[in-house]
S.K.: 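Following this message is one structure expressed as structure tokens.
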Amino acid sequence: MILCVFGLSFALAEDFITLKEYAKMLYENPRGISCKECHGADGASQVLGYYTKKGEKEPFTVPSIQNLSFEAFKEALIEDKDTKSIMPTYSLTPSEIVTLYNYIQELNKEKK
Ligand code: HEC
């Protein structure tokens, strides 16, 4: 009996890790270019590169996606991008979008 309970909690713990690993995998390898390429490992704002504007070197900054409401996050992933945006359009399912959102929120909480 003791063995059985132990086995169960072990299975649950493993389940939890699997969910997180799944989310990480989705973030790093969605069907398209990795979010990580542009948004970094944790979705913080970062400079992706530099371009020249009127002879001046300007940084190209990707905004942080750590403190968005779920609505704003979802919108950004399902709307048609304007032609200026370099972010690719993904065809993620609603549950994949929830998983990605929670993943970034969790990473954020762990750091605080
Ligand atoms: C090629 C670079 C690139 C990739 C890959 C990329 N993004 Fe983006 N993302 C951007 C840029 C640049 C913006 C800023 C707005 C714009 O230009 O569309 C942005 C904006 C966003 C926003 C909206 C931010 C805001 O303030 O409204 C969200 C949410 C987002 N990205 C999530 C993701 C997720 C999740 C993935 C992976 C499935 C991803 N992005 C992949 C470059 C990228």
Side-chain angles (χ1 to χ4, degrees):
M1 185 57 201
I2 289 168
L3 237 170
C4 175
V5 170
F6 178 76
L8 186 69
S9 63
F10 181 74
L12 286 175
E14 206 173 38
D15 233 355
F16 175 73
I17 290 167
T18 305
L19 186 65
K20 194 175 167 192
E21 279 174 352
Y22 164 70
K24 183 169 192 277
M25 185 208 79
L26 199 60
Y27 184 74
E28 294 181 3
N29 278 304
R31 293 181 296 282
I33 314 172
S34 168
C35 317
K36 200 178 164 187
E37 295 287 336
C38 298
H39 292 285
D42 60 0
S45 170
Q46 61 168 1
V47 174
L48 201 61
Y50 293 88
Y51 63 97
T52 314
K53 192 178 162 192
K54 296 188 185 123
E56 301 275 338
K57 200 171 151 203
E58 300 272 355
F60 181 85
T61 313
V62 178
S64 163
I65 54 169
Q66 291 178 329
N67 300 307
L68 294 173
S69 67
F70 177 68
E71 279 304 307
F73 186 84
K74 189 179 77 184
E75 272 306 305
L77 287 165
I78 58 179
E79 73 188 352
D80 281 333
K81 301 283 176 310
D82 59 51
T83 45
K84 275 195 332 220
S85 178
I86 62 156
M87 180 164 149
T89 303
Y90 293 89
S91 43
L92 298 165
T93 66
S95 91
E96 283 172 335
I97 293 176
V98 171
T99 303
L100 283 170
Y101 184 76
N102 288 339
Y103 176 65
I104 295 164
Q105 298 306 305
E106 279 303 313
L107 281 182
N108 240 333
K109 258 189 266 164
E110 281 169 21
K111 268 202 305 195
K112 276 169 197 160

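Just follow the structure's listing: the first ligand is 1, and inside any ligand the first atom is 1. This chain uses plain numbering: 1 for the first residue, then up along the sequence.
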S.K.: Under a 4.0 Å heavy-atom limit, does A72 contact ligand 1 with its side chain, its backbone, both, or neither?
M.R.: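 The answer is neither; A72 stays 4.0 Å or more away.
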S.K.: For residues 40-57, which residue pairs pass the side chain to side chain donor-acceptor pair (under 3.5 Å) check, not counting sequence neighbours?
M.R.: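 Pairs touching residues 40-57 that pass the test: D42-K111.
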S.K.: Let me confirm one number: the CD-OG1 distance from E79 to T89, rounded to the nearest 0.5 Å.
M.R.: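 Those atoms lie 8.5 Å apart.
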S.K.: Report, in ascending order of atom number, the atoms of ligand 1 lying under 4.0 Å from any heavy atom of S34.
M.R.: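 Near S34, meaning under 4.0 Å from one of its heavy atoms, ligand 1 has 5 (C).
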S.K.: Is there side-chain contact between N108 and N67, with at least one heavy-atom pair below 4.5 Å?
M.R.: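 In contact.
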S.K.: List the closest protein heavy-atom neighbour of atom 28 (C) of ligand 1: residue, atom name, distance to the nearest 0.1 Å.
M.R.: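 Here the nearest protein heavy atom works out to I65 CG2, 3.4 Å.
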S.K.: Does some side-chain heavy atom of H39 sit less than 4.5 Å from a side-chain heavy atom of Y27?
M.R.: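 Result yes, sub-4.5 Å side-chain heavy-atom pair found.
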S.K.: NE2 (H39) to atom 8 (Fe) of ligand 1 to SD (M87): angle, nearest 10 degrees?
M.R.: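 For NE2 of H39 and SD of M87, the angle centred on atom 8 (Fe) of ligand 1 reads 170°.
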S.K.: Contact between M87 and L77 at the side-chain level, heavy atoms closer than 4.5 Å - yes or no?
M.R.: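 In short, these two side chains touch, coming nearer than 4.5 Å.
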S.K.: Looking at every heavy atom in both K24 and Y103, which two are closest together, and how far apart are they?
M.R.: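 What the structure gives for the nearest pair is CG-OH, 3.3 Å.
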S.K.: How far is atom 17 (O) of ligand 1 from the closest protein heavy atom, and which atom is that?
M.R.: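 Ranked first by proximity to atom 17 (O) of ligand 1 is S85 OG, 3.2 Å.
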S.K.: Determine whether I86 and L48 make a side-chain contact, defined as any pair of heavy atoms from C-beta on separated by less than 4.5 Å.
M.R.: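 I86 vs L48: side chains touch.
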S.K.: Which option out of S69, P63, P88 puts a heavy atom nearest to atom 14 (C) of ligand 1?
M.R.: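 Among S69, P63, P88, the closest heavy atom to atom 14 (C) of ligand 1 comes from P63.
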S.K.: Among protein heavy atoms, which sits nearest to atom 38 (C) of ligand 1, and what does the distance come to when rounded to 0.1 Å?
M.R.: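 Going atom by atom, the protein heavy atom closest to atom 38 (C) of ligand 1 ends up being C35 SG, 2.7 Å.
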S.K.: Before signing off on this row, confirm whether E37 and ligand 1 have an N or O atom pair separated by under 3.5 Å.
M.R.: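 No; every N/O pair is 3.5 Å or more apart.
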S.K.: Return the residue, atom name and 0.1 Å-rounded distance of the protein heavy atom closest to atom 1 (C) of ligand 1.
M.R.: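 Going atom by atom, the protein heavy atom closest to atom 1 (C) of ligand 1 ends up being C38 SG, 2.7 Å.
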S.K.: Check L68 against ligand 1 and report side chain, backbone, both or neither, counting heavy atoms closer than 4.0 Å.
M.R.: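 Side chain only.
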S.K.: Just let me know how I86 lines up against ligand 1, side chain, backbone, both or neither, with a heavy-atom cut-off below 4.0 Å.
M.R.: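 The answer is both.
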S.K.: Rounded to the nearest 0.5 Å, what's the gap from CG on N102 to CZ on F70? Could you check?
M.R.: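 Answer rounded to 0.5 Å: 8.0 Å.
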S.K.: Quick one: nearest non-hydrogen protein atom to atom 41 (C) of ligand 1, plus distance?
M.R.: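 For atom 41 (C) of ligand 1, the nearest protein heavy atom is Y90 OH, 3.3 Å.
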S.K.: Supply the atom-to-atom distance K74 NZ to L100 CG, rounded to the nearest 0.5 angstrom.
M.R.: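 Spacing of NZ (K74) from CG (L100) equals 14.0 Å.
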S.K.: Heavy-atom contacts under 4.0 Å between A76 and ligand 1: side chain, backbone, both, or neither?
M.R.: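 The answer is the side chain.
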